[in-house]
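Read through the structure below, which is laid out as structure tokens, and then see the notes.
In the text below, chain A, chain B and the rest are named by the order of the sequence lines, each starting its count at 1.
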Amino acid sequence: MQITLNGEKREVAGGTTVQILLDSLGFTAEATVVERNMDILDRSVYATTLVADGDSIELVRFVGGG
Amino acid sequence: MQITLNGEKREVAGGTTVQILLDSLGFTAEATVVERNMDILDRSVYATTLVADGDSIELVRFVGGG
Amino acid sequence: MQITLNGEKREVAGGTTVQILLDSLGFTAEATVVERNMDILDRSVYATTLVADGDSIELVRFVGGG
Amino acid sequence: MQITLNGEKREVAGGTTVQILLDSLGFTAEATVVERNMDILDRSVYATTLVADGDSIELVRFVGGG
Amino acid sequence: MTQQTSRPADPFVIAGRTFRSRLMVGTGKFPSSQALKEALAGCDAEIVTVALRRADLNNPSGDSILSVIDPKRHLMLPNTSGARTADEALRLAKLARAAGCEPWVKLELTPEPRYLLPDPIETLRAAEMLIKEGFIVLPYIQADPILAKRLEELGTATVMPLGAPIGSNRGLKTRDMIRIIIEQAKVPVVVDAGLGAPSHAAEAMELGADAVLVNTALADATDHEAMGRAFALATEAGRIAYRAGLGPERSTAEASSPLTGFLNKL
Amino acid sequence: MTQQTSRPADPFVIAGRTFRSRLMVGTGKFPSSQALKEALAGCDAEIVTVALRRADLNNPSGDSILSVIDPKRHLMLPNTSGARTADEALRLAKLARAAGCEPWVKLELTPEPRYLLPDPIETLRAAEMLIKEGFIVLPYIQADPILAKRLEELGTATVMPLGAPIGSNRGLKTRDMIRIIIEQAKVPVVVDAGLGAPSHAAEAMELGADAVLVNTALADATDHEAMGRAFALATEAGRIAYRAGLGPERSTAEASSPLTGFLNKL
Amino acid sequence: MTQQTSRPADPFVIAGRTFRSRLMVGTGKFPSSQALKEALAGCDAEIVTVALRRADLNNPSGDSILSVIDPKRHLMLPNTSGARTADEALRLAKLARAAGCEPWVKLELTPEPRYLLPDPIETLRAAEMLIKEGFIVLPYIQADPILAKRLEELGTATVMPLGAPIGSNRGLKTRDMIRIIIEQAKVPVVVDAGLGAPSHAAEAMELGADAVLVNTALADATDHEAMGRAFALATEAGRIAYRAGLGPERSTAEASSPLTGFLNKL
Amino acid sequence: MTQQTSRPADPFVIAGRTFRSRLMVGTGKFPSSQALKEALAGCDAEIVTVALRRADLNNPSGDSILSVIDPKRHLMLPNTSGARTADEALRLAKLARAAGCEPWVKLELTPEPRYLLPDPIETLRAAEMLIKEGFIVLPYIQADPILAKRLEELGTATVMPLGAPIGSNRGLKTRDMIRIIIEQAKVPVVVDAGLGAPSHAAEAMELGADAVLVNTALADATDHEAMGRAFALATEAGRIAYRAGLGPERSTAEASSPLTGFLNKL
């Protein structure tokens, strides 16, 4: 199935959880926030939240800023 | 009967029109705008508009301003 | 005899030395410089330098300045 | 013979007057001042003043300036 | 190129109406009608602002501002001074129109009396209401480029950023922001408030302002006609210079006399 | 009071000679004689400065500055630019006089080329020598009030303090000292150098300067006649304002519309 | 009076939380994490701002800002940079909170990229929404005293007026308006943006600002720790001077050495 | 790079003698010896100026400045205030030396009392005489780059250009000329007079001045020790920043947060 990840189209296998997605990308939960279809996900649900076809997901992190 | 004229309470006789009021105060219609109970009156109706008890009337004119 | 001390005329007795003059005025040599007829006197000669009639003497000291 | 004209060495024939020099260079007396060995020459003597060997001559004129 | 040919190419247009003078004059605080009359004559102003106030019941035939303003030469521009809310500003604008003014209004919303600075929120709200009612709106604002852009997008006829607080005579203290407003504006920029000397007016015009509004400096003058003339000349000077191309600032000197052709040294 | 009556009461006099214009013009760096001609026409200057240099031997009939300056309308004021010592300045002044100039000289002694700033010691020395030789001396100086006073006491016809380095267009950077010089001077004060915009000229005149000298800003302009006109207008504006009485700066606002007579609040 | 006794009496409190340092630091544009680390060490800052951006999918373990910020010493203050509307600002604030930040936010709404100036209308709207959501709001604004007062009345924890455009290093160009904001504010005033040198920070503090925020000047420095130290010292200097009582400007001199007791003249 | 390594590399040397502090303090106008003592303690100054005056015959044991100055910590630098000619300055310098001062002198020649501005001619003459007599001369001068260069060539140990008239608290009004003096000087440049706030001292040091001298601002303070501390911190801040590399002014903004990686718009 296809999702939009940080603005890019991506294919992901069915049954992929947010945690699996992060792991596959090499991201650690600590430094990252996940927004799914405009809703912020609590870290506690990463492992139990399935990514669905058409999802728009944003992985956000802190950078230097004034 | 009593009206409020530019913030001051005033006694006026029944049957007083706006025109009569202006004349009695020595104002000419040209230089003045009359607001009656927050409604601006057209000059053409000064002579036919009766002042009613409790009316709030403002006589306004231009002054120097920046 | 008469001298001019810091611009004021003063009477002093004959035989007055600079040291005697300072003592009589209550000045200590340390904090003060003495200029006699435009010549700066060395402290070592205060005791042996006689004040002469008509002398112009300036007692100078440090004050706050920018 | 040789002269220094505005800093440049120049050969001029004997018997050359300042006027002849100016003419040969195409300068009009009006717009130019002549300084010969640091002395300013009056225009009236251009025709009668001979240029001598070793003379230092400056032809000066007005230019735009602030 | 000569002035004769270059000047006509520089019309000053607000809301489709062309003006000759780029100096607007406020009529407040003059010691007498005569003083105001002289100032207006001296600067040959076209746009003059006025305020609306309650008539003095004890002085009906009082010395009127209208005796000085000539409808043939002047556009009387009523301001909304005294208003603290958009509704009060709308009310004053309507009264002015009813009194015979054209539907032009200098929108002025100053909630606090000490510095008389404009309220950006109420000013934007009032501008929207006034435009809906068909008014041509000239808003007095802080030197805020984003606010200026938003007002322009709403449809105001100009923006009138301040140079300094009203009557302070401090000059173009907001120079950097005024410069940005001018760079971004598609409507005329009129610098209002704080211009206390002709050099301030010239500086604003040199930056590219389309016009300036002056009041206090004229009212405070000893010779009102002369000061009016001075501001008119300086405003024109600044405008001409803006169009004639000013040079850049340099951190070192640049000789104005040739650096060659020196005589032999002594 | 009207301009008609007040203006004639303001003659500009240097060394007993009366001038109409308070804007002096430097003639350096113009792209062409035509450009200079237009600038002079635009500002209607009376006093124009020129420099003396070696004639170009390869270009005897070269385009001459004299073709533009009209002895009937202009006083040609030779400067001593290029001189680094009093003796060299004296030599240049004498050459200028021999070339037919009146015995007026703009004394300019600038030992270093980067900022072209005047040397106070040599300038004072040269002024003394020139005055002895019968010259009318207008010295270009740092904005140094004590030096200005000393030159005045020597007998110079004016003092010409700088606003900023020559050609820098930076304006009246020495404002505080210029103000003191004006307050103390008994001879005309002419602000010279650094005035890059009409507003700078107006500001100097508002401070009470008797005149200004401008060159670079005119030479750099795209439209020379227009820029000349702009500086002339601004100089006049500043002078008129100085005489008409400018108001003080205020730290708070002062309402230009009445603070009474407001309508009942909504 | 001595520092020992006077200094403890000067706590810097925002939203009930007391800070030691009055210098806030922005973490953008540093050449490396090491450079930022040195700057933070040099100025011993407590409040440091950060931004939120999309993670780089190709660089998951990328050099993180979090490696430099020490939760024990620093309060990480997320900004809403990138937001052009109140809704986007709210979204970013929530993301930051979800990422573990305390509910503090530097509200930054800059619709246009050239000057990055704040939008007064959206900023006010966003402040209201954020406060409702329980955030402690520090809004970046134009130096607009009326807007500052309105934000304070809404309940923002501070106001953060700009001195000049972000990164311009131009200093306190809005000085007059900042002075008015400080005079009228009941919440801390933090001067943000444009402060390019320690003297700018000191000037803001001398005016009575409660704190300053600096970023570009630190990031641009050659020696980051030294520049951090310089800004910290200047900020403290300005604060101490504000409390110790600065003298007034004078238009004439006032002798610092006695004007009496001179010796007889030669 | 760390302060520890960078700071020792920055000694302040006058006439071969190294100083720790770049803040010189004038001792005039303090309300009491205690106030001066606190100010000196607060700024930890090394070089302190004093004046010479006639002793008060009626108050021989009067409160002496010497009670506050500690020869172990302070270099007492006598000034020649009160002198109007080079001869009077020489006389005062000799008196100071006879009184036990080292042969250092702050040369101050101010003929007029209203603005107390230095006389360039007499100052140059006095400097020559004093140097011949073996004095180490620190001359107070107008911000005149040519005069500064001439004094340096004569052999003065420093030049001390003014920022504004003595005691005026107006700050670095002569900024442009100070910048040129610093650029051209081979001896230390000490900005003296007019510095009324720590930000003024920092600004002078950021320009590259080697030191500053402050008096009035310290004497006028309410808390003398605190103000002394404030000036010391600001002077150090300005020096560190000068060495750490300040960024350039920019006419537009430069984002301090990234302009990429924004989230999808709402």
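Of all non-hydrogen atoms in A:Phe62 and G:Pro78, the two that sit nearest each other are CE2-CB, 4.2 Å. Pairing each heavy atom of A:Val63 with each of G:Thr27, the nearest pair is O-OG1, 4.3 Å. The shortest heavy-atom contact between G:Ala98 and A:Val33 is CB-CG1, 3.9 Å.
In this structure, chain A has a heavy atom under 4.5 Å from the side chain of G:Lys106, while its backbone stays farther away. For G:Met76, the part sitting under 4.5 Å from any heavy atom of chain A is the side chain, from C-beta outward, and nothing else. For chain G, no part of A:Leu22 is nearby; none of its heavy atoms comes within less than 4.5 Å. Contact annotation for G:Ala219: neither backbone nor side-chain heavy atoms come within less than 4.5 Å of a heavy atom of chain A.
We find the CD1-CZ distance between A:Ile40 and G:Arg91 to be 8.5 Å, quoted to the nearest 0.5 Å. The CD atom of A:Glu35 lies 8.5 Å from the CG atom of G:Leu92; values are rounded to the nearest 0.5 Å. From A:Leu25, atom CG reaches atom CG of G:Asn58 across 9.5 Å, with rounding to the nearest 0.5 Å.
Counting heavy-atom pairs closer than 4.5 Å to chain G, the top residue among A:Thr28, A:Asn6, A:Leu41 is A:Asn6. Interface remark: of the candidates G:Ser81, G:Gly26, G:Ala99, G:Ala99 forms the most heavy-atom pairs closer than 4.5 Å to chain A. Taking G:Gly100, G:Gly167, G:Ala96 one by one and counting their heavy-atom pairs under 4.5 Å with chain A, the maximum is reached by G:Ala96.
Contact residues of residues 49-57 of chain G toward chain A are G:Thr49, G:Val50, G:Ala51, G:Leu52, G:Arg53, G:Arg54, G:Ala55, G:Asp56, G:Leu57 (heavy-atom distance under 4.5 Å).
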